[in-house]
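Reading through the structure tokens given below for one structure.
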Amino acid sequence: MKSEREKVIINKDVMRDFNERSVLQAIIDNGPISRNDISKLLGLNKMTVSDIVGTFIDRKLVKSLGEDKSTGTSGRKPELVEYNAAYGYVVNFSISGHELEMLAAKLDGRTLEYNTRNIDNQSITNIVAMMEDQISQLPNFDTVNGLRAISIAIFGVVYNGEVVTSPFIDFEEYDLIGHFKKKYDVPVIVENEANLSAIFEQDFSKQELENIVSISIHEGIGAGIIINTHLYTGNYGQAGEIGRIMIQDNGQKKRRLAQLPNFDSEWSQTKILTKIAKLKNKKHYQLNELLRDFNLNDPQVTEIIEQFCYHLAIVTADLIAAYDPQMIFFNSPLIEELPEILKNVQMKLGFMSLVPPLVMSKDVKYATLLGGASMAIHRVLDMEGTRLIFHH
């Protein structure tokens, strides 16, 4: 058993750690801010706050901005401090079926660099080599500590940092975390792309979003779910795999469940384009062509979009019934270009007594990468589970 003296020391350490997190959170979310205002905000005594802020300044995690010249009071003016986003940077990847994206960000979420490469039919070994090449070609950013963490978004099921299944890339049980951690000696996060989209919607917003769903429709379909401000991934990382929801056949005889199509195989953006290409006897059909034909009231295109809205409304209704979110975000290039789809889905859900706001993602292109940046920054700062508001 621990002695009373040991217990007191442990309790002091726990309290110090809690206070440091609280002070850093206050500076990140409310800065520039004075020590006195931090003290009032948190209910901590001024000496404790001053000591913690001084430690952060010594570590270059926080920087002083000098006296607050905006105050009209006479006498000594309070010193303002703010979070030093140049403490380091994080690198964030997204690996889809055909594209490798990379975004480097400061520790406040602001983008430093972005680039993309085609990875059609590449092995995971070649993709990893391309990722390393992208990192090596980054400029020498003006930061205190350089690269501090890496995040990798996967289109597929991820459990405890390992890729369980992916419809696009054969990961061959490749240890992404172990490889990059050994090479760069920084924390590495591997997570599902839809989950990271949900993280983005929460952390890059000043709204208090505690229970949300982010529906991601690209090459595949998934949903990121946040419950009571925490990402919900289920028992084995499969929560939100709405692309695997089975679709019943209309007017056909019963078939074995394993033979039924699913939402992903019928209504991903890629599948929609493939369906229209087949109707028009074309080998390829692009999103810009769909937009053109839809605006020209092409009957084949409008019918496909109407069917998509119908099935999307069913899945959205299921998510509302299952999670009762305060807001549902849609992360989809197709819906971003055709906002009529969202209006159509909203109308179809008119039979429900309570439907949360259905809104477009704040950033369809970068949501997944910035969600990864948020998780990486939280890891760097040892602030997992703490609400930090990032810039967008």
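Values below: every heavy atom of this structure, side chains too, minus hydrogens, waters and symmetry copies.
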Could you give the side-chain donor-acceptor pairs of residues 80-88 under 3.5 Å, partners two or more places apart or in another chain?
{"residue": "Y83", "atom": "OH", "partner": "L107", "partner atom": "O", "Å": "2.6"}
{"residue": "N84", "atom": "OD1", "partner": "A86", "partner atom": "N", "Å": "3.2"}
{"residue": "N84", "atom": "ND2", "partner": "K60", "partner atom": "O", "Å": "2.8"}

Show which side-chain atoms of residues 213-224 pair as donor or acceptor with protein atoms under 3.5 Å away, not counting sequence neighbours.
{"residue": "S216", "atom": "OG", "partner": "E193", "partner atom": "OE1", "Å": "3.1"}
{"residue": "S216", "atom": "OG", "partner": "E193", "partner atom": "OE2", "Å": "3.3"}
{"residue": "S216", "atom": "OG", "partner": "H218", "partner atom": "NE2", "Å": "3.4"}
{"residue": "H218", "atom": "NE2", "partner": "N331", "partner atom": "O", "Å": "3.3"}
{"residue": "H218", "atom": "NE2", "partner": "N331", "partner atom": "OD1", "Å": "2.6"}
{"residue": "E219", "atom": "OE1", "partner": "G97", "partner atom": "N", "Å": "3.3"}
{"residue": "E219", "atom": "OE1", "partner": "H98", "partner atom": "ND1", "Å": "3.4"}
{"residue": "E219", "atom": "OE2", "partner": "S96", "partner atom": "OG", "Å": "3.0"}
{"residue": "E219", "atom": "OE2", "partner": "G97", "partner atom": "N", "Å": "3.1"}
{"residue": "E219", "atom": "OE2", "partner": "H98", "partner atom": "ND1", "Å": "3.1"}

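Taking all atoms of both residues into account, the shortest heavy-atom contact from A153 to L196 is CB-CD1, 3.5 Å. Here the closest non-hydrogen pair linking P356 and P325 is CB-O, 3.3 Å. Between M352 and I320, the shortest heavy-atom distance links the atoms CE-CG2, 3.8 Å. Summarising the geometry of F200 relative to A367, their closest heavy-atom pair is CB-O, 3.2 Å, with the distance given to 0.1 Å. Of all heavy-atom pairs between I377 and G109, the closest is CD1-N, 3.8 Å. Smallest separation of non-hydrogen atoms from I57 and S64: CD1-CB, 4.5 Å.
In this structure, the side chains of I305 and L290 come closer than 4.5 Å at one or more pairs of heavy atoms. At a threshold of 4.5 Å between non-hydrogen side-chain atoms, the residues I304 and W267 count as touching. For the pair T368 and N92, the minimum side-chain heavy-atom distance is 4.5 Å or more. Taking 4.5 Å as the limit, some side-chain heavy atom of Q134 sits within range of a side-chain heavy atom of L100. Here the side chains of L381 and I28 are in contact, with some heavy-atom distance below 4.5 Å. Using a 4.5 Å cut-off on side-chain heavy atoms (C-beta onward), M360 and I335 make contact. Two residues are said to be in side-chain contact when any heavy atoms from C-beta on lie closer than 4.5 Å; L61 and V144 fail this criterion. Considering only heavy atoms from C-beta on, F329 stays 4.5 Å or farther from S197 through its side chain.
Dense packing is recorded around CG of N45, with more than 12 heavy atoms of other residues, nucleotides or ligands lying under 6.0 Å away. Atom CD of E173 is surrounded by 12 or fewer heavy atoms from other residues, nucleotides or ligands within 6.0 Å. Taking a 6.0 Å sphere around CG of N121, one finds it holds 12 or fewer heavy atoms contributed by other residues, nucleotides or ligands.
Residues Y159 and V190 do not share a hydrophobic cluster, defined by chaining ILVMFWY side chains whose heavy atoms lie under 4.5 Å apart. Using a 4.5 Å cut-off between side-chain heavy atoms of Ile, Leu, Val, Met, Phe, Trp and Tyr, with links allowed through other members, V157 and I177 fall into different hydrophobic clusters. In this structure, L287 is a member of the same hydrophobic cluster as V364, with clusters built from ILVMFWY side-chain heavy atoms closer than 4.5 Å.
For N192 (side chain) and G156 (main-chain N/O), a donor-acceptor pair under 3.5 Å exists by modelled atom type. Between the side chain of D17 and the backbone N or O of D13 there is no donor-acceptor pair closer than 3.5 Å. In this structure a side-chain-to-backbone donor-acceptor pair under 3.5 Å is present from S166 to F155. Formation of a donor-acceptor pair under 3.5 Å by the N344 side chain with backbone atoms of E340 is not found in this model. At least one donor-acceptor pair closer than 3.5 Å links the side chain of T302 to the backbone N or O of P299. Between the S22 side chain and the F18 main chain, a donor and an acceptor come within less than 3.5 Å of each other. In this structure, S50 contributes its side chain and M47 its backbone to no donor-acceptor pair below 3.5 Å.
Distance check, rounded to the nearest 0.5 Å: CG of L358 to CG of L349 gives 6.5 Å. Atom-to-atom distance recorded for I212:CD1 and S205:OG is 8.5 Å, nearest 0.5 angstrom. Considering NE2 of H230 and CG of N211, their distance stands at 11.5 Å, rounded to 0.5 Å. Rounded to the nearest 0.5 Å, atoms CG (L138) and OH (Y89) are 5.5 Å apart. Here the CG atom belonging to L296 is positioned 11.0 Å from the CG atom belonging to L291, to the nearest 0.5 angstrom.
For the ring-ring contact (aromatic ring centres under 6.0 Å, His included) condition, the pairs that include at least one residue of residues 358-385, sequence neighbours left out, are Y114-Y366, H378-F390. Listed by first and then second residue, the salt bridge (Lys or Arg N to Asp or Glu O under 4.0 Å) pairs that reach into residues 258-275 are E266-K275, sequence neighbours excluded. Sorted by first then second residue, the ring-ring contact (aromatic ring centres under 6.0 Å, His included) pairs that include residues 176-199, not counting sequence neighbours, are Y174-H179. Applying the ring-ring contact (aromatic ring centres under 6.0 Å, His included) definition to pairs two or more places apart or across chains, none involves residues 270-291. The salt bridge (Lys or Arg N to Asp or Glu O under 4.0 Å) contacts involving residues 357-370 comprise E201-K362, where partners must be two or more places apart or lie in separate chains. Note on residues 335-359: no pairs pass ring-ring contact (aromatic ring centres under 6.0 Å, His included), not counting sequence neighbours. Residues in residues 372-392 take part in these salt bridge (Lys or Arg N to Asp or Glu O under 4.0 Å) pairs, two or more places apart or across chains: R21-D382, E208-R387, R379-E384.
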### Message
Does D51 form a salt bridge (Lys or Arg N to Asp or Glu O under 4.0 Å) with R16? I'd like the steps, not just the answer.
### Response
CA-CA 11 Å; D51 179 46; R16 171 77 182 192; 2.7 Å; yes

### Task
Mind running side-chain contact (heavy atoms from CB on, under 4.5 Å) on L388 and D203 for me, showing each step along the way?
CA-CA 6 Å; L388 302 176; D203 292 353; over 6 Å; no

### Task
Please test I245 against I314 for side-chain contact (heavy atoms from CB on, under 4.5 Å), starting from the C-alpha separation and ending with a verdict.
CA-CA 10 Å; I245 292 176; I314 292 173; over 6 Å; no

### Query
What's the verdict on side-chain contact (heavy atoms from CB on, under 4.5 Å) for N115 and Q137, showing C-alpha distance, side-chain angles and the deciding distance?
CA-CA 11 Å; N115 66 60; Q137 292 191 29; over 6 Å; no

### Task
Start with the C-alpha gap between E162 and F171, add the side-chain angles, then the distance that decides, and say whether side-chain contact (heavy atoms from CB on, under 4.5 Å) holds.
CA-CA 10 Å; E162 293 184 10; F171 283 88; over 6 Å; no

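With sequence neighbours excluded, the residues satisfying side chain to side chain donor-acceptor pair (under 3.5 Å) with K282 are E289. In this structure N36 satisfies the side chain to side chain donor-acceptor pair (under 3.5 Å) test together with K46, sequence neighbours excluded. Partners of D29 under the side chain to side chain donor-acceptor pair (under 3.5 Å) rule, at least two apart in sequence or in another chain, do not exist in this structure.
Side chains of E337 and N288: no donor on one and acceptor on the other come within 3.5 Å.
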